[in-house]
Novice: 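Sharing a structure here in structure tokens format.
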Amino acid sequence: MANLDDLYRDIILDHYRSPRNRGELPTPPARRVEGFNPLCGDELVLYVDVRDGVLVDIKMTGHGCSISQASSSLMSAAVKGRPLDEVRETIESFKTMMGLREASLSEGEASDDAGDLRSMKEINALAGVVKFPVRIKCATLAWNTLEQALGAPS
Amino acid sequence: MANLDDLYRDIILDHYRSPRNRGELPTPPARRVEGFNPLCGDELVLYVDVRDGVLVDIKMTGHGCSISQASSSLMSAAVKGRPLDEVRETIESFKTMMGLREASLSEGEASDDAGDLRSMKEINALAGVVKFPVRIKCATLAWNTLEQALGAPS
Amino acid sequence: MTSYDPRRVRIDTPIQERVINGHPIAYLDSASSSLPPRAVIEAMSRYYERHHANVHRGVFQTANEATEIYEGARAAAARYINAPGGADEIVFTKNTTEAFNLLANSWGVANLRAGDVVLISEMEHHANIVPWFHLRDRVGIEVRFIPVGDDFRLDLSDLEQLMRGVKLVSLTGMSNVLGTINPIAELTRVAHDHGALMAVDGAQWVAHGVTDVVATDIDFLAFSGHKMLGPTGIGVFWTRAALLDAMPPFLGGGGMIADVRLDGYVPADGPARFEAGTPPIAEAAGLAAALRYLENLGPEAIVAHERSLTVDALARLHGEFAERVRIIGPLDAVDRGGVISLDVEGVHPHDVAQVLDQYGVCVRPGHHCAKPLMRRFGLAATARASFGPYSLTRDTDALIDALGHALTLFS
Amino acid sequence: MTSYDPRRVRIDTPIQERVINGHPIAYLDSASSSLPPRAVIEAMSRYYERHHANVHRGVFQTANEATEIYEGARAAAARYINAPGGADEIVFTKNTTEAFNLLANSWGVANLRAGDVVLISEMEHHANIVPWFHLRDRVGIEVRFIPVGDDFRLDLSDLEQLMRGVKLVSLTGMSNVLGTINPIAELTRVAHDHGALMAVDGAQWVAHGVTDVVATDIDFLAFSGHKMLGPTGIGVFWTRAALLDAMPPFLGGGGMIADVRLDGYVPADGPARFEAGTPPIAEAAGLAAALRYLENLGPEAIVAHERSLTVDALARLHGEFAERVRIIGPLDAVDRGGVISLDVEGVHPHDVAQVLDQYGVCVRPGHHCAKPLMRRFGLAATARASFGPYSLTRDTDALIDALGHALTLFS
Ligand SMILES: Cc1ncc(COP(=O)(O)O)c(C=O)c1O
Ligand SMILES: Cc1ncc(COP(=O)(O)O)c(C=O)c1O
């Protein structure tokens with residue numbers, strides 16, 4: 001039986017109560033992308049500032065449940081200031097964790113040394129979401145929106 | 001349990017095999033009305049020649065099952081040459097027999113002395129149809145079409 | 001006299017024997033869909049085990065039986081809403097939503113022209129909004145909204161103004177978010193005075209009320225089987241025979257024709273004209289059983305029971321949580337059904353529902369297919385609890401208890 | 001390997017235990033609707049007894065279970081027809097007929113202009129005729145018919161001519177009157193060569209065949225649960241994702257939107273866009289059980305069994321009654337399913353069916369929703385016998401025996 005504690009870890013509740021990187025960025029130079037979860041009405045507006053292949057800044061506005069809010073906050077902390085290829089790797093490992101991608105050895109290796117270890121460990125607090133399948137959409141909204149904001153890899 | 005013999009009485013099979021009053025009448029003076037049973041595809045074209053309140057002639061073409069064919073044949077024999085008010089009474093008693101009208105005393109009385117007793121008795125051969133509810137529509141097609149041809153009583 | 005005992009109804013619905021996360025289920029989502037009693041489930045099983053055949057064109061015995069069952073359901077639905085023309089006024093659809101699409105695409109396309117107004121309200125379910133937007137795109141009608149006041153009721157202060165150019169007023173009988181029951185009979189009089197017709201969304205209104213289309217004098221009604229202890233896959237569209245007879249077909253196919261030729265077709269008469277294809281036959285058997293079951297309980301008795309649950313729940317929610325739980329709907333139980341939408345301070349409805357699930361309490365988070373209403377109150381979603389004929393005070397107990405846990409977790 | 005034994009399937013379908021007018025039922029009306037096995041009936045009962053809730057927007061446990069069951073059925077339907085894009089290409093409708101109305105009103109309205117041609121055939125069911133007549137009235141398309149030859153097969157001799165201006169070819173995979181199975185893969189190639197798309201009426205074709213939308217390369221497919229051991233109230237519309245994504249909504253309401261405002265709305269993506277309102281949830285559970293059941297039997301094995309019954313029945317009907325019973329359909333069992341339409345000399349189909357019922361034999365009289373085809377052969381109706389996976393030679397025995405009685409009575 002899935003337990004509430006698996007879902008609402010302290011880190012998640014903390015990021016829900018005190019979300020990181022809230023706000024807007026001037027566009028341009030930042031890009032603005034909207035994310036939307038029609039099932040629960042979650043809305044997310046993401047501002048990403050990419051320069052020379054690095055995601056130099058990220059901010060967001062919107063509303064949603066604790067999972068979607070915490071996930072976007074955790075994501076922002078993990079990807080801010082990171083080179084795009086690492087950001088893409090982080091997105092992939094997150095989706096693998098959510099069961100949306102087959103884990104592949106190379107991806108697994110890549111994510112091991114991808115950037116800030118502490119943020120990556122915090123993201124793992126979302127692992128319990130897979131036990132609550134309907135909430136996976138909440139957790140992935142920010143990540144899909146970010147993927148969209150970055151566009152196809154060049 | 002309803003038995004086939006209740007439905008396919010000899011008189012009915014006889015009228016089905018040798019339908020009376022088949023053919024057309026010139027219009028005018030006759031009136032031409034189409035009847036139609038969308039459920040089984042039965043089609044009936046009725047020609048009625050009414051003069052001075054008397055149904056002087058009736059003919060019909062079309063196709064249908066034994067019940068609809070026999071019923072129209074029996075009807076034509078029963079109403080041909082009869083004054084319209086008696087024709088209307090016959091229609092009413094037929095519909096009462098089919099369970100489509102509540103029998104009323106006055107109607108019952110009226111039908112007793114309404115015209116040609118032999119044709120009326122023959123019509124009673126259709127009484128068994130009520131045990132086969134889906135066939136009631138077959139039996140009543142001709143009568144509804146005749147009612148339509150006569151229009152509202154003046 | 002009826003012998004209504006909600007505890008008995010609860011025993012009759014097998015799903016309520018379930019234990020969820022170690023707690024007996026407290027099903028508070030009847031506004032989404034109700035729980036069918038055994039009699040309904042068995043009516044459908046029996047239909048499939050004994051009588052199933054396609055309807056209408058059969059001569060053999062099971063085809064006749066299936067047809068009788070199907071047409072019998074039509075008569076039962078007519079009786080339940082007091083349709084003046086009886087079964088001939090009942091069209092079976094797949095749900096309330098299809099019924100509104102039928103209304104817009106058949107009556108609407110035939111009778112409305114560019115500039116004509118359909119007056120709906122801010123508290124409508126999308127089923128009574130989107131089909132009118134489609135018609136606006138197709139024909140150029142105007143879709144106008146009666147506003148909803150801060151008291152969670154229709155704001156009728158500008159009604160005369162709003163009625164200008166209106167050909168159809170189409171309103172929910174009871175809001176599936178607020179619980180508000182609208183003054184349908186009065187508004188029908190207003191509509192008729194202005195030469196407009198009146199359509200009612202009965203998805204909640206019929207399921208949780210005593211419906212009489214003659215007494216209210218409405219012109220169109222839509223409702224769903226699954227909201228009233230019946231099965232999924234069946235809904236009802238009702239209108240008076242005179243209107244129905246003049247409505248052109250909507251969906252085309254078998255069963256709705258009188259004749260088809262290579263160059264065109266002649267539509268059938270009566271409800272058949274609007275029932276293209278094999279209809280929901282087993283579902284009609286289930287719906288008839290549900291209506292029978294409800295008639296035995298007595299709709300008045302159910303309304304009274306649900307009202308007393310609502311009065312109690314409103315008072316206790318308010319008393320227990322004061323400002324931390326805001327009720328999005330009237331606080332007085334007058335003209336109000338058993339739907340209670342909650343806005344919980346600091347806890348997103350999704351999380352409310354998630355925590356409540358841990359305690360076996362089933363409430364629905366979301367916009368409840370009423371996004372314009374959500375926007376009106378500056379909300380993205382609510383957590384909604386709603387009662388059915390089997391609901392008991394212990395469901396409210398469980399709700400309040402679990403809500404306490406949610407508030408603690410997120411405090 | 002499968003373990004298909006038609007006698008076992010017969011035992012699995014409770015309705016076939018019935019005795020009709022003193023005779024064991026000989027159900028020969030599967031082309032109208034098939035008889036569901038216990039596994040299907042129980043899947044629906046179990047759904048209502050254990051899992052029922054509205055789908056999609058729930059968080060609580062039974063809502064999740066109901067959603068999994070519903071979405072699982074979508075995956076099962078995708079697998080059954082080998083949909084390349086999987087579940088995301090499956091739209092649940094109420095029946096085949098609604099699927100064709102969806103095709104005409106969504107894809108058709110968006111893509112067809114006045115003068116464009118939709119090519120159908122004289123052997124179509126009204127479900128694949130009337131929606132195109134509606135579109136003709138609305139948009140001005142031309143509806144053109146491929147003629148049917150005296151051999152009861154499509155007359156393709158003028159196909160190149162017929163293809164002029166055609167944007168969509170929409171054909172039945174298998175005639176519900178003649179039994180004729182059309183060369184769908186070849187005709188799809190022709191359609192594509194002419195830049196047209198291919199829609200297939202799979203009501204019989206999917207139910208009595210092995211369906212592979214990739215191998216046949218078709219573009220649209222419609223079929224019904226109740227024709228393939230499943231419940232009433234559910235049908236399937238399939239098209240490839242690329243086409244589906246570009247199709248505008250048809251029915252409007254809850255579930256098919258991404259956002260609704262007072263001034264308009266944004267439709268949802270994917271199959272949801274075409275599923276307005278509460279969907280047929282229990283019916284999806286039943287359909288999934290039916291598909292599982294059919295997969296266990298093995299569609300190839302069923303086809304082979306129905307073919308051998310057909311070969312036998314055609315030979316015996318011909319041998320027994322010679323000229324008195326004319327078979328309206330191909331006499332050879334090549335590219336032909338188990339539907340046998342009879343024209344009995346001197347006995348109206350209605351009477352044939354009536355007499356047969358007396359002997360427990362269930363056949364369907366009528367035009368079978370194919371009036372243009374009836375006219376083509378100068379008939380008002382036929383008496384139609386049709387096989388299903390549970391049919392046995394003894395059903396044919398009963399048919400021939402009872403036909404003899406009918407001929408005697410009316411001779
Ligand atoms: C070939 C064919 N097409 C379409 C249909 C219509 O199916 P439904 O009535 O389930 O919509 C049928 C069955 O009646 C059929 O046999
Ligand atoms: C007020 C109201 N209208 C319409 C509907 C739509 O009903 P259905 O989903 O059965 O079409 C609902 C239920 O969802 C409702 O509550």
Side-chain angles (χ1 to χ4, degrees), chain C residues 14-15 20 29 32-33 35-36 41 45 48-50 52-54 57-61 94-98 101 125-127 129-131 133-134 145 224 226 231-233 251-254 257 259-262 264-265 276-278 280-283 350 353-354 357 362 364-366 369 371-372, chain D residues 14-15 20 29 32-33 35-36 41 45 48-50 52-54 57-61 94-98 101 125-127 129-131 133-134 145 224 226 231-233 251-254 257 259-262 264-265 276-278 280-283 350 353-354 357 362 364-366 369 371-372:
Chain C
I15 206 171
I20 305 279
D29 195 27
S32 285
S33 202
L35 304 177
I41 303 170
S45 294
Y48 281 123
E49 284 166 7
R50 300 281 301 161
H52 176 63
N54 216 325
R57 281 160 297 267
V59 167
F60 58 85
Q61 187 163 325
K94 64 173 169 176
N95 51 27
T96 298
T97 304
E98 188 196 338
N101 282 274
H125 186 281
H126 297 158
I129 302 176
V130 180
F133 283 161
H134 284 175
F145 291 79
S224 289
H226 72 95
T232 57
L251 301 179
I257 60 96
D259 193 18
V260 178
R261 296 169 172 269
L262 293 185
Y265 83 100
T278 302
I281 314 171
E283 291 78 2
H350 224 133
Q354 189 79 60
D357 174 59
C362 309
R364 180 120 338 208
C369 298
K371 284 213 138 205
Chain D
I15 206 172
I20 305 280
D29 195 26
S32 285
S33 203
L35 304 177
I41 303 170
S45 296
Y48 281 121
E49 285 165 8
R50 300 281 300 163
H52 175 61
N54 216 324
R57 280 161 299 268
V59 166
F60 57 84
Q61 186 163 327
K94 65 173 170 176
N95 52 27
T96 299
T97 304
E98 187 196 339
N101 283 272
H125 187 281
H126 296 159
I129 302 176
V130 180
F133 283 161
H134 283 176
F145 290 79
S224 289
H226 72 96
T232 57
L251 301 179
I257 59 96
D259 193 18
V260 178
R261 295 169 174 269
L262 294 184
Y265 82 101
T278 302
I281 315 172
E283 291 77 1
H350 224 134
Q354 189 79 61
D357 173 59
C362 308
R364 181 123 331 212
C369 297
K371 284 211 138 204

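Order of the sequence lines fixes the chain letters, A, B, ..., with proteins taken first and strands second; residue numbering starts at 1 for each chain.
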Novice: With respect to chain C, which residue among D/T232, D/T278, D/L251, D/V59 yields the maximal number of heavy-atom pairs within a distance under 4.5 Å?
Specialist: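 Result: the option with the highest number of such pairs is D/T232.
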Novice: Only counting residues at least two apart or in another chain, list the ones meeting side chain to side chain contact (heavy atoms under 4.5 Å, CB included) with C/S32.
Specialist: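 For C/S32 the side chain to side chain contact (heavy atoms under 4.5 Å, CB included) partners, ignoring immediate neighbours, are C/D29, C/R364, C/R384, D/N54.
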Novice: So for C/H52, is it side chain, backbone, both, or neither that comes closer than 4.5 Å to the heavy atoms of chain D?
Specialist: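 Contact with chain D is through both the backbone and side chain of C/H52.
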Novice: So what's closer than 4.5 Å to chain D heavy atoms on C/L262: side chain, backbone, both or neither?
Specialist: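 Contact with chain D is through both the backbone and side chain of C/L262.
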Novice: Are the side chain of C/Q354 and the backbone N or O of C/H350 linked by a donor-acceptor pair below 3.5 Å?
Specialist: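 No, because the side chain of C/Q354 does not come within donor-acceptor range (under 3.5 Å) of the backbone of C/H350.
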Novice: Using a cut-off of under 4.5 Å on heavy-atom pairs, state which of D/P280, D/A127, D/G254 scores highest against chain C.
Specialist: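 Looking at each option in turn, the highest pair count goes to D/G254.
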Novice: Given that the side chain runs from C-beta out, which part of C/Y265 has a heavy atom under 4.5 Å from chain D: side chain, backbone, both or neither?
Specialist: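 For C/Y265, the contact with chain D is made by backbone and side chain together.
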Novice: Counting heavy-atom pairs closer than 4.5 Å to chain C, which one of D/I281, D/D259, D/L35 comes out on top?
Specialist: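 Of D/I281, D/D259, D/L35, D/D259 has the most heavy-atom pairs under 4.5 Å with chain C.
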Novice: Begin from the C-alpha positions of C/S33 and C/H226 and carry the test side chain to side chain donor-acceptor pair (under 3.5 Å) through to its verdict.
Specialist: CA-CA 6 Å; C/S33 202; C/H226 72 95; 2.8 Å; yes
Novice: Testing D/P36, D/P14, D/S45 for side-chain contact (heavy atoms from CB on, under 4.5 Å) with C/Y48, which one passes?
Specialist: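 So, applying the side-chain contact (heavy atoms from CB on, under 4.5 Å) to C/Y48 and each of D/P36, D/P14, D/S45, only D/P36 qualifies.
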Novice: Kindly write out the residues that satisfy salt bridge (Lys or Arg N to Asp or Glu O under 4.0 Å) with D/D357, not counting sequence neighbours, or none if the list is empty.
Specialist: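 Salt bridge (Lys or Arg N to Asp or Glu O under 4.0 Å) list for D/D357, sorted by chain: empty.
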